[in-house]
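Ligands are counted one by one from 1 in listed order, and the atoms in each one are counted from 1 as well. Bear in mind that the values here come from a model prediction, so they are computed numbers and not experimental data.
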Amino acid sequence: MTEYKHNMAGLSSAEAKKQQDRYGKNELTQQRQESFLKKIFHIICEPMFLLLIVAAVIYFILGEPRDGAIMLIFVIGIISIDVIQEWKTDKTLNALKDLSAPHVTVIRDGKETVIASSDLVPGDLMMIYEGVKIPADGIVVKSNDLCVDESSLTGEAEGVWKINAESAEPTNDYWRKDYCYAGTLVTQGTATVLVDKIGATTEYGKIGANVASAPNEDTPLQKQTSSLVKICAGIAAVLFALVGVVTYFNIPDHVFGDRIIESILSGITLAMAMIPEEFPVILTVFLSMGAWRLAKKQSLVRKLPSVETLGAVSVLCVDKTGTITMNQMTVQNTWALNEDTHSLIETMGLGCETDAYDPMEKAMLSYCDGHGISNEHLFSGELISEYAFTNELKMMGHVWRRNGEIIIAAKGSPERILTVCNMSGKDLGLTEQKITEMSKEGLRVIAVATMRPQTENDIPEKITDCTMTLLGLIGLADPPRESVKNDIAVCNRAGIRVVMITGDNGITASSIAQKIGMPNSDHIITGDMLNEMSDEELREKVKDVSIFSRVVPEHKMRIVKAFKENGEIVAMTGDGVNDAPALKYADIGIAMGKRGSEVSREAADLILMDDNFTTIVETVKDGRRIYDNIRKAVGYVFTIHFPIAFASLLAPMLGITPAAILLLPLHVVLLELIIDPTCSIVLERQPAETDIMDRKPRNPKEKLLNAGIFIKSIIQGLIIFAASFGTYFTILGGNTDNAPLARAMGFAIIMLSNLFLVQVNSSNHDFAFQSITRLVKDKVMWAVNIFTVFGLLIILYTPINHFLKFEPLSASQFFGAVGIAAAAVLWYELVKLVKKIIK
Ligand code: ADP
Ligand code: MG
């Protein structure tokens, strides 16, 4: 073991820097970045690019190096777009990862500073406390009731009580009691630890190097779309053969070699037009951009698939305290059994932690202060021992020696405190009546009791062994957050059930539930009832009960399970260490960024930076929006592929010679170059549909490309095809010399339709002009549209047109094309209108 000299001021920044240069980062394995060339290689291996490259090569073989070169330029263009998109996604995802990365408090330059755990160096003094996952190995310098769960290392379930290194006696045990290990969990207490080993040199690093990096798994949607792409590629392969053969027989006048090559070329054009290779790109871009936008609204997505699951959430299980309520407690009411209010308040104060951080205890201490009992006065005695609060006991106590007397001050949930009190039946009846009264007002009721042992030997071992005297009751108010009522109403309309989970008593919970407008606010399941119920009974019960009171974190698991078995998609909040399993098991586990423990954050899919219920509802709404937009984008891509594919398919069938066809491979590539960016950019930015929270959650089993979208895409696609190909075919009139003009018209129509289509398909209900007005201030949307129009003008009216085998259109022809394109797309606005009227 290395011995570090240390003083309580910790390292200086300069020393820390030096240590980091020497020992590196505190990471199990260094992150390896995919190299730039490898990325490009991956892109080129996509079937689409292989086709492109084959086509370019064929051009060269055909003795048309100019066409081949243009083709290659386009290929480079598409690759650049892909690389830029991927780079941007990576950057976004890494930024998200950094935001949700674990942090640790250290003492540097004499001050407590929060740093990323990866920046920890040997020699640092780190502070650990309940709920922290220890990030490095180190020596316990100073500790206070420190208990650590080391099961991840030793397999030992029992917590280990740690001692200070100074007072430790030398042993031969491998696992030391005065030492903390990386990867283990603080379950109680606090400590200052001198970091000794970091990264792969820690005990955890030695065994855990192989668990370090989980591979990035594809999301369910990604799997769905990649199978869709495969199906399309399969169909493309069949049609490739068909078109090839037909083309071959169409050109008997060419020499054999040319015939073969022309056939392959038209086959390739078709195949290129058929493969919707944009799908996977759309997904990654939409999901990661979505996660990014969520992060700006205070909710950090830790796993990309959660973005798609969010939109399907049908049950929201939330903690009452702090999420639904503000977690700002005030003492509202006191009731003293023997009318000795002063003793009641003083004992309540003595029962609080001397350095209270719990809002409830803070409220109690400030109430004492307001009644002339200062903290100095309260805590002037000697704290002999404590009965710690646990979720199961729901009460706690402090044993003080004051002015030569021993006083036990206990407080906790009335049910539990009453079990340790000795009192007459009459008093009991009175107290119970008072409890109900206060609870009905929505107050948290705390009972305060005391006991005065004669000597230290008379102090009971456990709080449950005490025989106390009840002093009275305290009623604390924790008002619901202001926006909650509205949020609950939104959830009700959106078919999302809100379920309240609390450690408080049922009457209090029910009263709050009623205040915020939760349906069925009088149906309650308590923790005790839950213990009695079988899983089947619970599954039945949760169909109409939305309040769980007096529960402990371990119950959450059963609650999530019951809902999931009923086919619901469950989001669940949690902050404590014991909440982690339920968070993991829920479809969306939500941890609290402010008051949550690190363990809960690690188990969660989503971290709520502001602990606010409103943010959860907003996040679900955004999840729906993102999913909607993905659907729109997929539908759009599908639609726009129709005119392209059909044009390539029909040409040989109609006996059009290869030189005269509407879309040469060049043009297909050019269109691909436009489709991907326009739809990613414009559709990704679409705000939520106005009715987005008025519909039921989507069926999680439903396919992305459902029948409705499929039919709509086919009809839209076929009409654009008819408009562009019809125009082209009419102008061509069977004469190859007319091809450049006919092609220019056809191409212009496809491109302009594309422009209109994005706007029309931006919303399922609102008219295109409404979608445009909503984004009217969005420079990016305008940039994309203007860019497309300019692109078209450049292609048609600069010398480039010659390379692309276009003839410039006259003004009337150009506006004719605009008109045809508009008609081919805007008819859908009428459909929307009719739908609106029928509704
Ligand atoms: P919630 O789930 O609403 O946050 P908790 O689990 O924090 O509720 O608390 C449950 C119950 O335990 C409270 O209603 C109260 O009766 C009791 N309790 C909580 N904290 C303390 C405390 N510091 N001292 C005494 N009793 C407490
Ligand atoms: Mg609490």
Side-chain angles (χ1 to χ4, degrees), residues 130-131 188 317-329 331 347-365 367-368 386-398 408-420 435 438-439 442-450 463-464 468 470-481 499-513 524-528 530 547-556 559 572-579 582 592 594-597 600 611 613:
E130 186 183 321
Q188 233 186 73
C317 298
V318 285
D319 292 314
K320 174 177 76 67
T321 310
T323 312
I324 288 183
T325 65
M326 301 206 267
N327 209 9
Q328 280 165 10
M329 305 240 182
V331 175
T347 313
M348 165 186 88
L350 288 174
C352 292
E353 297 297 332
T354 46
D355 51 348
Y357 66 88
D358 179 19
M360 183 174 87
E361 297 204 334
K362 278 191 184 158
M364 290 175 165
L365 289 178
Y367 190 78
C368 286
E386 310 182 33
Y387 301 115
F389 178 83
T390 66
N391 283 313
E392 284 70 27
L393 283 173
K394 291 202 188 332
M395 58 182 172
M396 59 174 288
H398 281 170
I408 300 180
K411 67 186 193 336
S413 90
E415 298 102 293
R416 295 310 172 86
I417 290 286
L418 287 179
T419 59
V420 292
I435 295 170
M438 282 190 190
S439 304
L443 300 179
R444 166 180 283 196
V445 185
I446 298 290
V448 178
T450 187
I463 191 167
T464 42
M468 300 205 228
L470 184 81
L471 292 178
L473 302 172
I474 313 284
L476 295 116
D478 177 15
R481 288 172 185 267
V499 173
M500 184 197 274
I501 296 181
T502 178
D504 255 349
N505 88 32
I507 304 174
T508 309
S510 158
S511 154
I512 301 248
I524 301 163
I525 296 182
T526 63
D528 292 336
L530 224 134
I547 301 175
F548 292 87
S549 68
R550 288 285 187 239
V551 293
V552 294
E554 286 73 12
H555 285 138
K556 286 188 171 179
I559 299 173
M572 158 85 75
T573 65
D575 46 18
V577 178
N578 306 341
D579 290 335
M592 300 298 155
K594 276 194 192 156
R595 64 191 151 84
S597 66
S600 66
D611 298 12
F613 183 63

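- The closest approach between Glu353 and ligand 1 stays at or above 4.0 Å for every heavy atom of the residue.
- Put simply, the side chain of Asp611 never gets that close to the backbone of Thr323: no donor and acceptor are under 3.5 Å apart.
- Only the side chain of Asp358 comes within 4.0 Å of ligand 1, counting heavy atoms alone; its backbone N, CA, C and O stay farther away.
- If you check each of Lys394, Arg444, Arg550 against atom 5 (P) of ligand 1, the one with the closest non-hydrogen atom is Arg444.
- For ligand 1, the polar-atom distance check finds no N/O of Asn505 at less than 3.5 Å from any of the ligand's N/O atoms.
- Annotation: side chain of Ser439 is in contact with side chain of Thr508 (closest heavy-atom distance under 4.5 Å).
- For Asp504, the salt bridge (Lys or Arg N to Asp or Glu O under 4.0 Å) partners are Lys320, Arg444, not counting sequence neighbours.
- In terms of modelled atom types and a separation under 3.5 Å, the side chain of Lys556 and the main chain of Thr573 share a donor-acceptor contact.
- In this structure Thr464 satisfies the side chain to side chain contact (heavy atoms under 4.5 Å, CB included) test together with Leu393, Met395, Lys462, sequence neighbours excluded.
- Close approach of ligand 1 to Lys411 is summarised as follows: ligand atoms under 4.0 Å from at least one heavy atom of the residue are 22 (C), 23 (N), 24 (N), 25 (C).
- A heavy-atom separation below 4.0 Å is found between Ile446 and ligand 1.
- When Met395, Arg595, Arg416, Glu361 are checked for heavy-atom proximity to atom 23 (N) of ligand 1, Glu361 turns out nearest.
- Residue contacts with ligand 1, taken as heavy atom pairs separated by less than 4.0 Å, involve Met396 solely via side-chain atoms from C-beta onward.
- Taking only non-hydrogen atoms, the option from Gly412, Ala356, Pro553 nearest to atom 26 (N) of ligand 1 is Gly412.
- Under the 3.5 Å distance criterion, with hydrogens and angles disregarded, no donor-acceptor pair is assigned to the side chains of Ser600 and Asp579.
- Close approach of ligand 1 to Ser413 is summarised as follows: ligand atoms under 4.0 Å from at least one heavy atom of the residue are 16 (O).
- Here the side chain of Asp478 pairs no donor or acceptor atom with the backbone of Met329 at under 3.5 angstrom.
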